[in-house]
2 protein chains.
Amino acid sequence: MTKATRPTDSEMEILNILWQKGPSTVREVHEILGENKDAGYTTTLKLMQIMFEKKLLKRDTGNKSHVYQAAVSQQQTQGQLLKRMIDNVFNGSASQLVMQALGNHKTDKKELDQIMEYLKEVEKKTKS
Amino acid sequence: MTKATRPTDSEMEILNILWQKGPSTVREVHEILGENKDAGYTTTLKLMQIMFEKKLLKRDTGNKSHVYQAAVSQQQTQGQLLKRMIDNVFNGSASQLVMQALGNHKTDKKELDQIMEYLKEVEKKTKS
DNA sequence: TTTTGCCTACGAATATTTTCGTAAACAAAC
DNA sequence: GTTTGTTTACGAAAATATTCGTAGGCAAAA
């Protein structure tokens, strides 16, 4: 039984790509990473192999170039990391985080409306 | 010039204590940490010394027991970490983060109202 | 004064994450 | 068939974070 690790920063970069692009080879992921980052190919490979061992990724070894895809859902992963941050950084207060996020980040009106909408939904459910 | 490091998890634990309690000795911080965690005294000491070098903490060495306090503001630090998470985990969308946070975490009505209030404020400013 | 206890400083062992070099497999190009 | 290029696997270096042991200072208690 291994300790419950969360995706590291580098792992998140890869997950983001796979969530967006769907199943991809190491080469494809590496290429996209390369746009912002600068590391060798085997670095990306190794990272993805480790993620496979950790069960963050699935892979199809049918072809010469293995095809990887995310084995964890984006929602679930975001939720997990968010919870962590709320606990560690915002002393358990989700609302504090929300307000901080709304305050600092310039959010345009459309987004605010969307949030407002959502908030009403949640509130409705809570009330009942 | 050193690379811009962000507070690590352990460092956040200490910062949280100092933000809440105000200036404190290593012993005091260690005691509070000990409630949830279990590490030696010198571990805490070393961490705080490193944080001092990184300028995360200030200290008064006047007394035998040095008195430490946070050198970075809670707001600013939370904002920094939040921005990071929005970028790395939520593809730059603050609103996505907000809704995820509202959805997953059980937030009680009082908090929701508070957020709603705040949201209206922000929206007012945005509109004008 | 000697002992005891708590403090700091510091170096180093561990653990974790990120990086890459090298070897072997394999297929396409020559 | 040999070379060339791309791939995987693997080990280990490098970078970062966490932990602790030990030595020395200092003051209160004995």
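Below, each value reflects all heavy atoms present in this structure, side chains not excepted, and no hydrogens, waters or symmetry copies. Computed from a prediction, not measured in an experiment: that's the story for all the values here. In what follows, every chain begins at residue 1, and chains take the letters A, B, ... in the order their sequences are listed.
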Could you tell me the separation between the [atom1] atom of [X] and the [atom2] atom of [N], rounded to a whole number of Å?
| X | N | atom1 | atom2 | result |
| --- | --- | --- | --- | --- |
| B:Tyr41 | C:dC6 | OH | P | 10 Å |
| B:Glu31 | C:dC6 | CD | C1' | 12 Å |
| A:Leu47 | C:dT16 | CG | P | 16 Å |
| A:Lys54 | C:dT16 | NZ | P | 10 Å |
| A:Phe52 | D:dT7 | CZ | C1' | 17 Å |
| A:His30 | D:dT6 | NE2 | P | 12 Å |
| B:Leu56 | D:dT16 | CG | P | 16 Å |
| A:His66 | D:dC10 | NE2 | P | 11 Å |

Select one nucleotide: of C:dT19, D:dA9, D:dT22, the one nearest the side-chain heavy atoms of A:Lys46.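 The nucleotide sitting nearest to the side chain is C:dT19.
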Closest approach to the side chain of A:Ile50, judged atom by atom: which nucleotide of D:dT18, D:dC20, C:dT18 is it?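 Closest of the options to the side chain of A:Ile50: C:dT18.
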Phosphate oxygens OP1/OP2 of [N]: is one of them under 4.0 Å from a side-chain N or O of [X]?
| X | N | answer |
| --- | --- | --- |
| B:Arg59 | C:dC7 | no |
| B:Gln49 | C:dA9 | yes |
| B:Thr42 | D:dC20 | no |
| B:Lys37 | D:dT19 | yes |

Are more than 12 heavy atoms, taken from residues, nucleotides or ligands other than A:Gln75, located less than 6.0 Å from that residue's CD atom?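 Atom CD in A:Gln75 is not packed in, count stays at 12 or less.
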Should [X] and [Y] count as side-chain neighbours, where that means a heavy-atom distance under 4.5 Å?
| X | Y | value |
| --- | --- | --- |
| B:Thr77 | B:Trp19 | yes |
| B:Val29 | B:Lys21 | no |
| B:Val72 | B:Lys55 | no |
| A:Leu15 | A:Leu57 | yes |
| B:Glu111 | A:Gln96 | no |
| B:Leu18 | B:Gln69 | no |
| A:Glu11 | A:Arg6 | no |

Can you list, in residue-number order, the parts of residues 7-29 of chain A that come under 4.0 Å of DNA chain C, counting heavy atoms only?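 Of all residues in residues 7-29 of chain A, the ones placing a heavy atom under 4.0 Å from DNA chain C are A:Thr8, A:Ser10.
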Any base atoms under 4.0 Å from A:Leu45, or only sugar-phosphate, or nothing? Heavy atoms, all strands.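 Base, at least one base heavy atom under 4.0 Å.
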Considering every strand and a 4.0 Å limit on heavy-atom distances, what is the contact class for A:Ser65: base, sugar-phosphate, or nothing?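 Result for A:Ser65 = sugar-phosphate.
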Would you list the protein and nucleotides 25-30 of chain D atom pairs, both N or O, that sit under 3.5 Å from each other?
unit_1	atom_1	unit_2	atom_2	d
D:dG25	N2	B:Lys64	NZ	3.1

Of B:Gln49, B:Lys58, B:Met51, which meets side-chain contact (heavy atoms from CB on, under 4.5 Å) against B:Tyr68?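 The passing option is B:Gln49.
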Spell out, as yes or no, whether a donor-acceptor pair under 3.5 Å connects the side chain of A:Gln78 to the backbone of B:Leu97.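 Not at all, since once roles are kept as given, no pair shorter than 3.5 Å links the two residues.
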